[in-house]
Amino acid sequence: MSEPVRLESRWTTELFPKPPFNFDATLHKPDHFPAADNVWQPGVRWQTMLWQGKPLGLKFEDRGTVDEPRVALTVWSQTKLSQPFRDTLLAEIEYRYNFQLDLAEFYRLFAGDPQLGPVIGRWRGMRPLNHNALYEYLIIAIVLQNAAVRRSVSMMRALFEHYGTRLGYDHKELYCFWKPGIIDRATEEELRALKVGYRAKSIKRVTEAFVRGEVDEFELRSKSKEEQREALLALYGIGPASVWYILFDVFHHLDAMDHISPWEQKIYSKLFFDRDPDDPAGVDELLKTFERFGKYEMLAVHYIWEDLFWRRKHEPVAWLEKLIRL
DNA sequence: CATCAGGGCCCTG
DNA sequence: CAGGGCCCTGAT
């Protein structure tokens with residue numbers, strides 16, 4: 001394997017998320033599969049990022065408290081970053097990481113909810129976030145389709161190893177996403193050799209749409225949820241399940257709870273109705289119970305879901321283990 | 001060893 | 001609008 005690209009230039013700044021802010025529960029989601037572009041340990045997250053064509057190595061460090069948040073951000077790069085570049089980078093990070101999200105109303109409305117209230121108590125300051133650009137997230141979504149965790153992990157690793165850029169910074173080596181043009185020049189057969197199966201076609205077609213400039217992530221941000229949904233569904237290989245993830249994670253629609261796949265149905269059914277996963281509550285019944293969370297439907301589900309996976313991180317949750325199949 | 005279903009999606013009828 | 005097929009892989 002060739003030498004990684006060493007990032008020698010370094011710049012440090014500080015970020016001030018809106019309180020309350022829970023660093024670990026925001027920067028690490030225990031239900032996400034591990035990938036070669038990031039590492040987390042309590043209080044620190046290393047994450048690569050491709051911004052305006054430049055591969056960057058980011059390091060976020062918790063330097064505050066839930067009520068007085070302060071995050072040190074160090075950015076490694078190949079060459080010194082200009083002030084305008086730094087400004088757009090910080091604005092992008094603020095957007096993706098949801099640092100200014102105001103959780104006050106959500107907490108006020110649901111602190112007394114018998115199920116959500118205690119979860120909010122445990123995870124005050126947790127917010128949803130997305131580290132990736134839309135294109136990158138679409139690739140992740142494709143790799144998740146019709147595959148269990150282990151397979152998704154191996155497909156993602158193969159893609160990084162073949163098309164990504166290995167970066168060395170802060171004594172870590174991590175992969176950075178590729179520019180769409182790289183995969184646009186690869187053939188479908190070449191992708192299939194990475195054991196992504198029929199997803200090769202979707203990866204090619206989605207990449208092609210970006211290379212042709214048919215998708216503009218920044219323009220989409222200002223569109224309505226329905227317009228975003230329509231634009232995403234128009235992409236080959238992107239269906240309702242992937243769109244549901246993207247509307248919440250990438251476009252921050254806190255109410256986007258409209259899709260329940262069979263394995264998730266079993267888990268929700270146990271969580272919300274304490275039903276045996278082998279005899280789960282119906283999708284309609286589940287969607288109906290989520291309605292009580294109104295415009296925060298998906299945020300509420302996110303809280304309850306993450307609470308479960310954090311619990312699992314500390315001690316195995318017997319009924320859950322057979323449902324997630326590593 | 002063989003067969004099968006899966007943390008979707010597309011396409012066909 | 002229901003249902004078959006698709007790459008692979010692990011489970012049976």
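Hydrogens, waters and symmetry mates play no part in the numbers below; they use all other heavy atoms, side chains included. Fair warning: this is a prediction, and the values are worked out from it, not measured in the lab. The chains referred to below are lettered A, B, ... by the order of the sequence lines, with proteins before strands, and numbering in each begins at 1.
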Face-on cation placement of A:Lys59 at A:Trp76 ring, 6.0 Å and 45° thresholds: no
Please check if the side chain of A:Arg86 supplies one atom and the backbone of A:Leu81 the other of a donor-acceptor pair under 3.5 Å. yes
To the nearest angstrom, how far is A:Asp31 atom CG from B:dG7 atom P? 15 Å
Between C1' on B:dG8 and CD1 on A:Ile142, what's the gap in Å once rounded to a whole number? 11 Å
Which string of ( ) [ ] | and . matches DNA chain B, if you list each base 5' to 3' and count Watson-Crick or G-U pairs only when both distances are under 3.5 Å? .|||||.||||||
Atom pairs, N/O to N/O, protein against nucleotides 9-13 of chain B, distance under 3.5 Å?
{"from": "B:dC9", "atom 1": "OP1", "to": "A:Gly239", "atom 2": "N", "distance (Å)": "2.8"}
{"from": "B:dC9", "atom 1": "OP1", "to": "A:Gly239", "atom 2": "O", "distance (Å)": "3.2"}
{"from": "B:dC9", "atom 1": "OP1", "to": "A:Ser242", "atom 2": "N", "distance (Å)": "3.2"}
{"from": "B:dC9", "atom 1": "OP1", "to": "A:Ser242", "atom 2": "OG", "distance (Å)": "2.8"}
{"from": "B:dC9", "atom 1": "OP2", "to": "A:Pro240", "atom 2": "N", "distance (Å)": "3.3"}
{"from": "B:dC9", "atom 1": "OP2", "to": "A:Ala241", "atom 2": "N", "distance (Å)": "3.1"}
{"from": "B:dC9", "atom 1": "O5'", "to": "A:Gly239", "atom 2": "N", "distance (Å)": "3.4"}
{"from": "B:dC10", "atom 1": "OP1", "to": "A:Gly237", "atom 2": "N", "distance (Å)": "2.9"}

Looking at A:Lys80 and A:Ser9, would you say the former's side chain and the latter's main chain have a donor-acceptor pair under 3.5 Å? no
Tell me, do A:Trp46 and A:Asp170 make a side-chain contact under 4.5 Å, heavy atoms counted? yes
With a 3.5 Å cut-off and no angle check, do the side chains of A:Lys29 and A:His131 form a donor-acceptor pair? no
Rounded to whole angstrom units, what separation is found between the CZ atom of A:Arg151 and the C1' atom of B:dG7? 12 Å
Using only side-chain N and O atoms of A:Arg150, determine if any of them is under 4.0 Å from OP1 or OP2 of C:dG10. yes
Residue from A:Trp123, A:Phe293, A:Tyr303 passing ring pair (Phe, Tyr, Trp, His ring centres under 6.0 Å) with A:Phe106: A:Tyr303
Check for me whether A:Lys54 meets the cation-pi criterion with A:Phe85, that is, NZ or CZ under 6.0 Å from the six-membered ring centre and within 45 degrees of the ring axis. yes
So, does A:Ser152 get its side chain near the phosphate of B:dG7, meaning an N or O under 4.0 Å from OP1 or OP2? no
Is a side-chain N or O of A:Asn22 found less than 3.5 angstrom from the main chain of A:Ala25, in a donor-acceptor match? yes
Which part of the nucleic acid, if any, lies within contact of A:Arg192, taking any heavy atom under 4.0 Å across all strands shown: a base, the sugar-phosphate backbone alone, or nothing? sugar-phosphate
Expressed as a whole number of angstroms, how long is the span from A:Glu321:CD to C:dG10:P? 18 Å
How many whole angstroms separate atom NZ of A:Lys322 from atom C1' of C:dA11? 16 Å
Row check, A:Tyr95 ring normal vs A:Arg221 NZ/CZ: under 6.0 Å, within 45°: yes
Whole-Å distance separating the CD1 atom of A:Ile324 from the C1' atom of B:dG6: 15 Å
Distance, C1' atom - from C:dC1 to B:dG7, rounded to whole angstrom: 24 Å
How far, in whole Å, is B:dT3 from C:dG5 if one measures between their P atoms? 15 Å
